[in-house]
Number of protein chains: 2
Amino acid sequence: MSNLPPTRDRLVAAAALLFQRKGYHGVGVAEILEASEAPKGSLYHHFPNGKSDLALAAAHFAAQETLRILDASFEDANTARDGITTFCYKLAKLFTLHDNWSGCPISSTLFESPSNQEFRLNTREIFQEWHEATKAHAIAKGAEPENADAMANALWMTLQGAWTMSRVRGTSDPIKQVPMLIFGS
Amino acid sequence: MSNLPPTRDRLVAAAALLFQRKGYHGVGVAEILEASEAPKGSLYHHFPNGKSDLALAAAHFAAQETLRILDASFEDANTARDGITTFCYKLAKLFTLHDNWSGCPISSTLFESPSNQEFRLNTREIFQEWHEATKAHAIAKGAEPENADAMANALWMTLQGAWTMSRVRGTSDPIKQVPMLIFGS
DNA sequence: ACATATCTAGACCGAATGGTCTAGTCGTGA
DNA sequence: TCACGACTAGACCATTCGGTCTAGATATGT
């Protein structure tokens, strides 16, 4: 257990990418296996519950990535608005890099059906984390707690919509519009 | 060809509903057939290309529904803001009616994979229609054309996000927040 | 050198997938 | 009454789905 074996990581990373682009049901296990160059046995060794376990892991992995981008965006920011603006532009760049098609990693992966309680719970949890992190960053940059909360709320709400609209239009422009929509021109 | 046979309509309506809740890949043809009480032969008679044709029809059907709700919302409105607010509340009610889970009918149905050009084109077209209709309504209620355009843009962007957040949180609250986010408290 | 636990490899499985096809039913106009 | 088009009915098909299983490779500790 010195360091995590690369196979598991490859599996998770490939799954995260594919789910983000095609949705949970849009990706077959075989496709993930091929993309990660992993044998089937390894999948079910690392994830006894198979695809759904892998999706959960992939979502959490992608959530961490996003959190890291958020942190980086606020690192050199002078104000909350600066941080959020940088964050949106970083996401826009990533979106373009992924052929103008990747969706929100969480909703793409975990929006399966109303009945899957576990997926819903994890989704809520991750969004809660994102919200808290954003709020904390905003406060650290001098925003009032109450204002920071509203700001985080507006960011994630608007960003979700912008993400969708970016896919619709095939352009990262909507994502870049987010700060303007939140803070006004 | 006096009036459309009910089978086709049932097929489309059932498909629209199911795709909205589970996504294109999340629904099987068999499930749609069962829900609409239609035999398989009818599906492939009315939609020679099968599932994908049906999805296109379902998306356009749902888009028309949405447009009708928009029209109704603006009917008795005094201002553009009024119309948009009513519209959001109507959608929120519908969302709650659908077990707090239905998504945007278009993106749920037509976000399939990067390669399906036809789906993407239709998606863009429908959103364009929604945008134009909203803009026209706003102008009819006295908004400046330029302002009306920005308003329509903000509405659909924010609404998309709110829709997603509503599913995440299992509450229609985010959808109800949209007017406040667009216009300020 | 050996024992043990971890991981890989892929053949294999039943179920479900979307789609095809042929036989037949039904309603309508000649 | 018959003929013809629209539509229904469901058996049937190849393929793919997610998942299981066993045999073996590989690494680690003794």
Side-chain angles (χ1 to χ4, degrees), chain A residues 1-59 108-113 115-119, chain B residues 1-59 108-113 115-119:
Chain A
M1 196 172 277
S2 49
N3 53 1
L4 273 178
T7 305
R8 203 197 122 106
D9 289 354
R10 268 184 291 137
L11 237 12
V12 171
L17 191 82
L18 285 168
F19 285 143
Q20 195 166 354
R21 297 170 65 85
K22 306 209 207 173
Y24 181 79
H25 292 292
V27 184
V29 175
E31 197 177 351
I32 299 171
L33 257 19
E34 192 188 9
S36 56
E37 293 179 281
K40 207 165 214 180
S42 305
L43 204 184
Y44 288 89
H45 170 78
H46 292 295
F47 304 97
N49 286 337
K51 196 186 183 186
S52 59
D53 263 12
L54 180 55
L56 250 12
S108 298
T109 306
L110 263 26
F111 273 16
E112 195 209 0
S113 83
S115 54
N116 194 326
Q117 200 62 22
E118 195 181 10
F119 277 21
Chain B
M1 199 171 275
S2 50
N3 53 2
L4 274 177
T7 306
R8 202 196 122 107
D9 290 353
R10 270 184 290 136
L11 237 13
V12 171
L17 191 81
L18 285 167
F19 285 144
Q20 195 167 352
R21 297 170 65 83
K22 307 212 213 171
Y24 181 79
H25 291 293
V27 184
V29 175
E31 197 177 351
I32 299 171
L33 258 19
E34 193 188 9
S36 55
E37 294 179 278
K40 205 164 215 179
S42 307
L43 203 182
Y44 288 89
H45 170 76
H46 293 294
F47 305 96
N49 285 336
K51 195 185 181 185
S52 58
D53 263 12
L54 180 55
L56 250 11
S108 297
T109 305
L110 263 27
F111 274 15
E112 196 209 2
S113 84
S115 54
N116 195 325
Q117 200 63 22
E118 196 181 7
F119 277 21

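Lettering of chains follows the sequences in order, A, B, ..., and the numbering in each one begins at 1.
Contact annotation: A/His46 side-chain N/O to C/dT8 OP1/OP2 distance is under 4.0 Å. One finds a side-chain N or O of A/Tyr44 lying less than 4.0 angstrom from the OP1 or OP2 phosphate oxygen of D/dG19. OP1 or OP2 of D/dT8 sits under 4.0 Å from a side-chain N or O of B/Ser42. For the pair B/Thr7 and D/dT8, the criterion of a side-chain N or O lying under 4.0 Å from OP1 or OP2 is met.
Look at CG on B/Leu33: it is 11 Å from P on C/dT17, rounded to the nearest Å. In this structure, CD1 of A/Ile32 is placed 11 Å from P of D/dC17, rounded to the nearest angstrom. Atom-to-atom, CG of B/Asp53 to P of C/dG18 comes out at 15 Å; the value is rounded to the nearest Å. Distance NZ (A/Lys51) to P (C/dT17): 12 Å, rounded to an integer number of Å. The separation between B/Phe47 atom CZ and D/dT8 atom P is 11 Å, rounded to whole Å. At whole-Å resolution of the value, CG in A/Leu43 and C1' in D/dT20 are 13 Å apart. If you take CG of A/Leu11 and P of C/dA9, they are 12 Å apart, rounded to a whole angstrom. One can place NE2 of B/His45 at 13 Å from P of D/dG5, the figure rounded to the nearest angstrom.
If you run side chain to side chain contact (heavy atoms under 4.5 Å, CB included) between A/Leu54 and each of A/Thr109, A/Val12, A/Val29, only A/Val12 comes through.
The side-chain heavy atoms of A/Phe119 and A/Ser52, taken from C-beta on, include a pair separated by under 4.5 Å. When side chains are defined from C-beta on, B/His25 does not count as touching A/Tyr24, because their heavy atoms never get closer than 4.5 Å.
Residues A/Glu31 and A/Pro48 both approach DNA chain D. Their nearest nucleotides, taken by heavy-atom distance, put A/Glu31 toward the 5′ side.
The base of C/dG19 lies close enough to the side chain of B/Lys40 for a donor and an acceptor atom to sit less than 3.5 Å apart.
Atom CD of A/Glu34 has 12 or fewer neighbouring heavy atoms from other residues, nucleotides or ligands inside a 6.0 Å radius.
Under the 3.5 Å distance criterion, the side-chain polar atoms of B/Lys22 are left unmatched by any main-chain donor or acceptor of B/Gly28.
Residue-level contact check: B/Gly41 touches the bases, meaning some heavy atom is under 4.0 Å from a base atom.
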